[in-house]
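Bear in mind that the values here come from a model prediction, so they are computed numbers and not experimental data.
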Amino acid sequence: MLWSDPDNEPPEDLRDTQDMLRRLGVLVALAMVFAMLVIGVR
């Protein structure tokens, strides 16, 4: 890798968006598990 090559790091806003989507995915997965438990209890 040459010193003149650009960094492979994504821009700050893209990283923030990826973090937000990751958190949203975790929340959706937890909500699905919770919904399954509620449906199973009934």
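In the hydrophobic clustering (ILVMFWY side chains linked at under 4.5 Å, chained through shared members), Val26 is joined by Leu30. Here Val41 is tied to no hydrophobic group at all, with no ILVMFWY side chain closer than 4.5 Å. Hydrophobic cluster membership of Val33, counting Ile, Leu, Val, Met, Phe, Trp and Tyr whose side-chain heavy atoms lie under 4.5 Å apart directly or via other members: Leu37.
Sorted by first then second residue, the side-chain hydrogen bond (donor to acceptor under 3.5 Å, both in side chains) pairs that include residues 27-39, not counting sequence neighbours, number zero. Within the structure, salt bridge (charged side-chain N to carboxylate O under 4.0 Å, His left out) contacts touching residues 27-40 (residues at least two apart or in different chains) do not occur. Contacts classified as salt bridge (charged side-chain N to carboxylate O under 4.0 Å, His left out) and involving residues 24-35 (residues at least two apart or in different chains) are not found. Every pair tested for side-chain hydrogen bond (donor to acceptor under 3.5 Å, both in side chains) that includes a residue from residues 23-41 fails, sequence neighbours excluded, so the list is empty.
By the side chain to side chain contact (heavy atoms under 4.5 Å, CB included) test, Leu14 pairs with Pro10, Pro11, Gln18, sequence neighbours left out. Applying the side-chain hydrogen bond (donor to acceptor under 3.5 Å, both in side chains) rule to Asp19 yields the partners Arg22; only residues at least two apart in sequence or on another chain are considered.
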